[in-house]
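Worksheet for the structure shown next.
Computed from a predicted structure; not experimentally measured.
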Amino acid sequence: HTWARLERLSHERPVMVWFDDVQWGADALAFCQYVLERQHHTPTPVMFVMTMRNEALVSRAVETELIGELARNRRCRVLDVDKLEPKYTEHLVREMLYLAPSLAHEVERRSDGNPLFAVQLVGDWVAGGKLRFGAQGFELKRGVNAEIPDDLHAIWRERLALLLRRRSTDDLVALEVAAALGTSVELKEWYSACAEFGVSAPPGLTRDLLETGLAVQTDYGFEFCHGLFRESLERSALEGGRLEQVNAACVRMLEGGYPDREFPFSERFAQHAIAAGDGASAIGPLWTAARARIDRSEFDVALSLLDARDELLERHQ
């Protein structure tokens, strides 16, 4: 249906599609491959722009394989985006973000050419009500801590701390469960997985996520506003020693809600089982998922799933 819609739009004008954070988007990558294959038969004026972060690919075997296949296609170009030159960083911070000179200089120095850091840092200040408009641009309010974090995760941790300042530890765990479920979260699954962990996911928490701009509403729940926020929640679970327990709760939720373990739940079950430290339970579902991917002609994804299965078989012989 998505491709049919793009084809219709392309009859009127060329189409550009942007996929962000494809290091977590196996489905988006597989869709791009499907479109490339169709171009041999019915050329269509559509261009896909995909952005990703290399460091986030470390534990994403399926996405790594798909990105490699796309990169080897003659119709694709890979562009490495380096940090901004000082003059462009200065332009971004001083003109686009319109900060006062002294504050702008500090952001320029700490961001070191990383535009995402600069934009998200200022966004964090805006969300926290830390800025005021002065004679030379935006400046920090009196009494506000001017310390700038060292990395992007520190920014998101501050946003998380602001969200949870009047909430219990259970609410942090509930958010960690949501992050484990993926970028898009169905409320029914989230509530069930939280119950399996032994915490509740109060409706007010969802409202606060939406009102603070940390998530956007979908038909069945919500979607995290940025992959880094979700990644920071996963890091929180890891540092708190809860990551395996969180994923084990997701496994139990899937077992209770989808007992037949058909695709795509077989693939999700396997991913959570592996993250929960129970690789042996993932062997069967990986086979089911790989067969389903083959039936859909998604051979690269299927091969990655089979590779993961072979590795588990060797480990649990």
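- In this structure, N247 contributes its side chain and L243 its backbone to a donor-acceptor pair below 3.5 Å.
- Salt-bridge annotation for R293 and D27: present, with a side-chain N of the basic residue lying under 4.0 Å from a carboxylate O of the acidic one.
- For the atom pair CZ (R75) and SG (C32), the distance works out to 13.5 Å, reported to the nearest 0.5 Å.
- Between the CG atom of D21 and the CE atom of M50 there is a distance of 13.0 Å, given to the nearest 0.5 Å.
- For E196, the side chain to side chain donor-acceptor pair (under 3.5 Å) partners at least two apart in sequence or on another chain are R252.
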Criterion side chain to side chain contact (heavy atoms under 4.5 Å, CB included) on D208 and R167, from CA distance to verdict: CA-CA 11 Å; D208 288 350; R167 292 187 171 276; 2.8 Å; yes

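- Rounding to the nearest 0.5 angstrom, the gap separating the CZ atom in R309 from the OG1 atom in T288 is 9.0 Å.
- A distance of 11.0 Å separates CD of E65 from CG of L305, quoted to the nearest 0.5 Å.
- Ring orientation note: the planes of F229 and W156 are tilted relative to one another, at an angle of 30° to 60°.
- W190 places a side-chain N or O within 3.5 Å of a backbone atom of A174 that can act as its donor or acceptor partner.
- Taken to the nearest 0.5 Å, the CG atom of L187 stands 8.5 Å off from the CD atom of Q217.
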Just do the side chain to side chain contact (heavy atoms under 4.5 Å, CB included) check on V62 and E267 with the steps written out, would you? CA-CA 11 Å; V62 172; E267 191 169 316; 5.5 Å; no

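- Here F222 and F224 bring their ring centres to under 6.0 angstrom of each other.
- Among residues two or more places apart in sequence or in another chain, the side chain to side chain donor-acceptor pair (under 3.5 Å) test is passed with R242 by E176.
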